[in-house]
Amino acid sequence: MNNDTVTEFILLGLSNDPLTQILLFVVFTTVYILILLGNTLIIFLTITDQCLHTPMYFFLFNLSLLDILYSTSSLPRMLKDLLSLHKSISYGECAAQMYFSLSFGISECILLAVMAYDRYIAICYPLHYTTIIKQSLCIKIAISIYICGFLLSVSHIGLTLNVNLCGQNKINHFMCEVPEILSLGCENISVVKFVIYLGVIVLLLTPVTFIVISYIRIILTILNLPSGAGKQKAFSTCSSHIMVVTIFYGSAMAAYMKPKSSSAPDNDKIITVLYAFLTPLLNPFIYTIRNKDVRESLIKLDRFI
């Protein structure tokens, strides 16, 4: 990107209508508050309840933490712009927003795959679970996930920031994203787009493939269980994760792997809302409603209060 000609970007946002912007501000402020409250509650429960001090809930703790970080990387800025007449964002702030949102997104992609592996070991090798998935291993995996997220996003952001914009700075979106910046390029950047697109495919399809293989093995193991109660318990421990994976990867693939010809700005914004805000909003509710251990922890918390 030519930093001499572009020092700031103009975010066109979700709507130009003042009344619609006020309504959107109220809606997304409520969404952000619920994201913070719901995920903070999950973090609090996994820390304070001894019954939740297991690898599964350690990874759930990290999922809630990533959901807070991911939504915070873009939502507060979006809320500010909904109340502003001049919706400009500096070059540096735009680059930082892209970097952190992409880093947290990549980390969540990897974490969801790790959570599938955790369920695979727990159900397919229950007698060896505690010897394989140790606390020390969980901590190392969590640290590695964050490091991978921050390192893998560097190449995407570096390629994007080297695109020559020739002074174009209007982004038809409510946040800075790699595809939106690339669309402003004024020269032939087909090679850059191909490299980034290939990287996105690897980052999305590799965890998805790992998750699918894990759940095929899990389902085959569950079907061979002798008791109906055992099957129901095994399925219940996986159902929440499957729902979260479907929402997150479904919307992320729709955003980053669709053909260029099918790209429409308004549709892109809606899809971004789904994976950036809807997933962090729904995760706490999904794990609370469908998870017996979390429900029991909430009951104990309510009695204590």
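These figures come from a predicted structure and were not determined experimentally.
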Apply side-chain hydrogen bond (donor to acceptor under 3.5 Å, both in side chains) to [X] and list each qualifying residue two or more places apart in sequence or on a separate chain.
{"X": "Ser153", "result": "Ser103"}
{"X": "His53", "result": "Gln50"}
{"X": "Tyr146", "result": "Asn62"}
{"X": "Ser136", "result": "none"}

Are the side chain of [X] and the backbone N or O of [Y] linked by a donor-acceptor pair below 3.5 Å?
{"X": "Asn283", "Y": "Val244", "result": "no"}
{"X": "Asp49", "Y": "Leu45", "result": "no"}
{"X": "Ser251", "Y": "Phe248", "result": "yes"}
{"X": "Tyr99", "Y": "Phe150", "result": "yes"}
{"X": "Gln21", "Y": "Ser15", "result": "yes"}
{"X": "Ser64", "Y": "Phe61", "result": "no"}

To the nearest 0.5 Å, what is the distance between [atom1] on [X] and [atom2] on [Y]?
{"X": "Phe25", "Y": "Ile22", "atom1": "CZ", "atom2": "CD1", "value": "10.0 Å"}
{"X": "Arg119", "Y": "Cys124", "atom1": "CZ", "atom2": "SG", "value": "10.5 Å"}
{"X": "Ser74", "Y": "Phe174", "atom1": "OG", "atom2": "CZ", "value": "6.5 Å"}
{"X": "Phe59", "Y": "Cys138", "atom1": "CZ", "atom2": "SG", "value": "4.0 Å"}

Mind listing the closest non-hydrogen atom pair of [X] and [Y] along with its distance?
{"X": "Ile110", "Y": "Tyr249", "value": "N-OH, 4.5 Å"}
{"X": "Ala276", "Y": "Pro280", "value": "O-CG, 3.3 Å"}
{"X": "Thr130", "Y": "Lys134", "value": "O-CG, 3.6 Å"}

Geometric class of the Tyr120/Tyr117 ring pair [parallel <30°, tilted 30-60°, perpendicular >60°]: tilted

Residue that, paired with Phe104, satisfies side chain to side chain contact (heavy atoms under 4.5 Å, CB included) out of Thr72, Leu69, Leu65: Leu69

With a 4.5 Å heavy-atom cut-off, do [X] and [Y] have their side chains touching?
{"X": "Phe9", "Y": "Leu165", "value": "yes"}
{"X": "Cys51", "Y": "Tyr57", "value": "no"}
{"X": "His128", "Y": "Thr131", "value": "yes"}
{"X": "Ile171", "Y": "Cys176", "value": "yes"}
{"X": "Asp81", "Y": "Met78", "value": "no"}
{"X": "Asn169", "Y": "Tyr91", "value": "no"}
{"X": "Tyr70", "Y": "Ser107", "value": "no"}

List, by chain and then residue number, the residues other than [X] in its hydrophobic cluster (Ile/Leu/Val/Met/Phe/Trp/Tyr, side-chain heavy atoms under 4.5 Å); write none if there are no others.
{"X": "Leu12", "result": "Ile10"}
{"X": "Leu198", "result": "Phe194"}
{"X": "Ile33", "result": "Leu37"}

Qualifying salt bridge (charged side-chain N to carboxylate O under 4.0 Å, His left out) pairs, either residue in [range], two or more places apart:
{"range": "residues 94-112", "result": "none"}
{"range": "residues 62-74", "result": "none"}
{"range": "residues 34-44", "result": "none"}

Heavy-atom neighbours of Gln135 CD exceed 12 at 6.0 Å: no

Set of residues satisfying salt bridge (charged side-chain N to carboxylate O under 4.0 Å, His left out) with respect to Glu93, sequence neighbours excluded: Arg77

Disulfide bond (SG atoms under 2.5 Å apart) partners for Cys109, two or more places apart: none

